[in-house]
Amino acid sequence: MRYFLILTALLVVSSCATLSENECRSGDWYAIGLKDGADGRKPDFILQHAKACNEFGIAPKAKPWREGRTEGLKRYCTVPNAYDVGSRGRRLSPVCPAGNLDALQAANTRGLRWHAIGQEIADVQRDIRAINAELAALPPDDPRRASLYSQLSFLRLDLASLRARRIHYRY
């Protein structure tokens with residue numbers, strides 16, 4: 001049991017590292033920065049890499065990392081990506097230059113709304129499945145069936161309405 005706990009603790013600690021030993025040793029700090037920029041990481045994220053690589057006696061190279069991150073931000077700070085980030089339920093990271101922030105925020109908000117309606121759709125679908133299961137378990141002459149069919153009708157209308165509203169937020 002003790003061995004299991006130690007192994008679990010090691011796995012948890014290693015899963016918090018931002019980079020593996022191979023990534024730290026490869027030293028391709030431009031590529032690491034490029035990925036971090038494309039992921040919308042803030043400028044101080046290199047400190048997380050420093051912490052991870054410190055375990056292996058390696059220090060990140062800040063200049064190529066910053067150059068890569070700057071290039072990666074060009075991918076992150078686009079209207080399609082801002083929408084995509086929102087459509088996955090996440091707000092845009094505050095790392096983009098001031099040039100087109102309004103357009104980026106609008107796209108992100110649109111994506112967030114699309115995501116939220118998708119969550120509502122999933123909730124209604126879950127409720128429909130629950131009612132259908134309940135109906136399947138009831139005898140055909142059970143008086144509760146009428147109420148469940150009524151609820152099912154309203155849920156189907158809600159579902160159709162949500163799907164129609166969601167189309168408006170598609171990019």
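As a basis for the values below, the full set of heavy atoms in this structure was taken, side chains included, without hydrogen atoms, waters or symmetry mates.
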> Which donor-acceptor pairs under 3.5 Å do the side chains of residues 56-71 make with protein atoms, sequence neighbours left out?
from, atom 1, to, atom 2, distance (Å)
K63, NZ, E67, OE2, 3.0
W65, NE1, D36, OD2, 2.8
R69, NE, R41, O, 2.9
R69, NH2, R41, O, 3.1
T70, OG1, R66, O, 2.9
E71, OE1, K74, NZ, 3.2

> Could you tell me which residues satisfy salt bridge (charged side-chain N to carboxylate O under 4.0 Å, His left out) with D123, sequence neighbours excluded, listed by chain and number?
R126
> Examine distances only and state if a side-chain atom of D28 and a backbone atom of A31 form a donor-acceptor pair shorter than 3.5 Å.
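It does hold such a pair.
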> Name all residues meeting the salt bridge (charged side-chain N to carboxylate O under 4.0 Å, His left out) criterion together with K42; count only those two or more places apart in sequence or in a different chain, and write none if there are none.
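K42 satisfies salt bridge (charged side-chain N to carboxylate O under 4.0 Å, His left out) with no residue once adjacent residues are dropped.
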> For residues L152 and L135, determine if any side-chain heavy atom of one lies less than 4.5 Å from a side-chain heavy atom of the other.
yes
> Find the distance between CG (L19) and NZ (K51) and round it off to the nearest 0.5 Å.
13.0 Å
> How many angstroms lie between CD1 in I32 and OG1 in T18, if you round to the nearest 0.5 Å?
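Reported to 0.5 Å precision, the distance equals 8.5 Å.
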> Name all residues meeting the side-chain hydrogen bond (donor to acceptor under 3.5 Å, both in side chains) criterion together with D142; count only those two or more places apart in sequence or in a different chain, and write none if there are none.
R144
> Are F45 and L34 co-members of a hydrophobic cluster defined by side-chain heavy atoms under 4.5 Å apart?
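No, L34 and F45 fall in different hydrophobic clusters.
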> Other than L47, which residues form its hydrophobic cluster under the rule that side-chain heavy atoms must be closer than 4.5 Å?
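Traced through the cluster, L47 reaches no other member.
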> With rounding to the nearest 0.5 angstrom, report the CD to OG distance, E134 to S147.
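It comes to 9.0 Å.
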> Taking all heavy atoms of L73 and all of G37, pick out the closest pair and write down the distance.
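Shortest heavy-atom separation between L73 and G37 comes out as CD2-O, 3.5 Å.
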> Please test L138 against L148 for side chain to side chain contact (heavy atoms under 4.5 Å, CB included), starting from the C-alpha separation and ending with a verdict.
CA-CA 10 Å; L138 288 176; L148 290 172; 3.5 Å; yes
> Output the distance between atom CD1 (I128) and atom CD (Q125), rounded to the nearest 0.5 Å.
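I128 CD1 to Q125 CD: 7.0 Å, rounded to 0.5 Å.
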> Using atom types as modelled and distance alone, determine if a side-chain donor or acceptor of S161 lies under 3.5 Å from a backbone N or O of L157.
no
> So which pairs with a foot in residues 107-126 pass ring pair (Phe, Tyr, Trp, His ring centres under 6.0 Å), sequence neighbours left out?
none
> Ignoring hydrogens and angles, tell me if any N or O in the side chain of Q105 forms a donor-acceptor pair with the backbone of D102 under 3.5 Å.
no
> Mind checking the CG-CG spacing from L104 to L92? Nearest 0.5 Å is all I need.
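Reported value, rounded in 0.5 Å steps: 6.0 Å.
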> If you look only at pairs with a residue in residues 17-46, which of them pass as a disulfide bond (SG atoms under 2.5 Å apart), with sequence neighbours excluded?
C24-C53
> Minimum heavy-atom separation for R166 and I121, please, with both atom names.
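Taking every non-hydrogen atom into account, CD-CD1, 3.8 Å.
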> Apart from F154 itself, what residues make up its hydrophobic cluster, given side-chain heavy atom links below 4.5 Å?
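F154 shares its hydrophobic cluster with no other residue.
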> Could you list all the disulfide bond (SG atoms under 2.5 Å apart) pairs where at least one residue sits in residues 131-171, not counting sequence neighbours?
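Non-adjacent pairs meeting disulfide bond (SG atoms under 2.5 Å apart): zero.
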> Could you note down all residue pairs passing disulfide bond (SG atoms under 2.5 Å apart) where residues 136-171 supplies at least one of them, sequence neighbours left out?
none
> For R165, which residues count as a side chain to side chain contact (heavy atoms under 4.5 Å, CB included) partner, sequence neighbours excluded?
R113, I117, E120, L162
> Give the minimum heavy-atom separation between N108 and R91, together with the two atoms involved.
OD1-CA, 3.5 Å
> Pairs under 3.5 angstrom only: tabulate donor-acceptor contacts from the side chains of residues 76-86 to other protein residues two or more places apart or in another chain.
from, atom 1, to, atom 2, distance (Å)
Y76, OH, S93, N, 2.8
T78, OG1, R75, O, 3.3
T78, OG1, N81, N, 3.3
N81, ND2, Y76, O, 2.8
Y83, OH, Y169, O, 3.0
Y83, OH, Y171, N, 3.3
D84, OD2, R88, NE, 3.3
D84, OD2, R88, NH2, 2.8

> Looking only at heavy atoms, which two atoms of L155 and V124 are closest? And how far apart?
O-CG1, 3.5 Å
